[in-house]
**Q** 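Starting off with a structure, shown below.
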Amino acid sequence: MIRQMEAYSLQRNKPAIRYNPRPPGVIQPGSASDLILRILSESPGRFFTCGQLIKETGRTHASVSFALLYLRDQGLIDAFPDAARNPRYMRYRIKREAS
């Protein structure tokens, strides 16, 4: 009985949960991630370099790089080493299942 009352008092003292208009894990419309995903999905099977995506989106290198890392972590795009230039450079395309 005492534990129930303690739990009830703790629950009453909790601050109200505020609405988050940008929840984590949700791609916001118009963001760099959204633009890159749209560009890659319009050309399935075609590879893009980071420089090409910067030019296509008009975003900064930092913005595009972060978006590419985020999309890779979410499993939405594939990244392959660019052996023609240097293996540390990557080429990106939309995942076959996602298109």
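In this text the structure is predicted, and so the values were computed from the model without any measurement. Residue numbers start at 1 and run along the sequence shown.
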**Q** List the atom of Q28, the atom of D34, and the distance in Å for their closest heavy-atom pair.
**A** O-CB, 3.4 Å
**Q** Would F47 and I39 show up in the same hydrophobic cluster when neighbours are defined by side-chain heavy atoms closer than 4.5 Å?
**A** no
**Q** To the nearest 0.5 angstrom, please state how far the OG1 atom of T49 sits from the CG atom of L68.
**A** 10.0 Å
**Q** Looking at CZ of F48 and CG of L40, how far apart are the two atoms once the value is rounded to the nearest 0.5 Å?
**A** 6.0 Å
**Q** Nearest 0.5 Å please: distance from the CG atom of L69 over to the CD atom of Q74.
**A** 11.5 Å
**Q** Any link between I77 and I27 through a network of hydrophobic side chains (Ile, Leu, Val, Met, Phe, Trp, Tyr) touching at under 4.5 Å?
**A** yes
**Q** Show every donor-acceptor pair shorter than 3.5 Å between a side-chain atom in residues 84-91 and any protein atom, with sequence neighbours excluded, or say none if there are none.
**A**
from	atom 1	to	atom 2	distance (Å)
R85	NE	D82	OD2	3.0
N86	OD1	R88	N	3.2

**Q** Rounded to the nearest 0.5 Å, how far apart are OG of S33 and CG of L37?
**A** 8.0 Å
**Q** In Å and rounded to the nearest 0.5 Å, what is the CD to CZ distance from Q52 to R46?
**A** 6.0 Å
**Q** Which heavy atom of I54 sits nearest to which heavy atom of R59, and what is that distance?
**A** CG2-O, 3.3 Å
**Q** Shared ILVMFWY cluster between L71 and Y92, side chains joined below 4.5 angstrom?
**A** yes
**Q** Working to the nearest 0.5 angstrom, can you tell me the gap between I36 CD1 and C50 SG?
**A** 7.5 Å
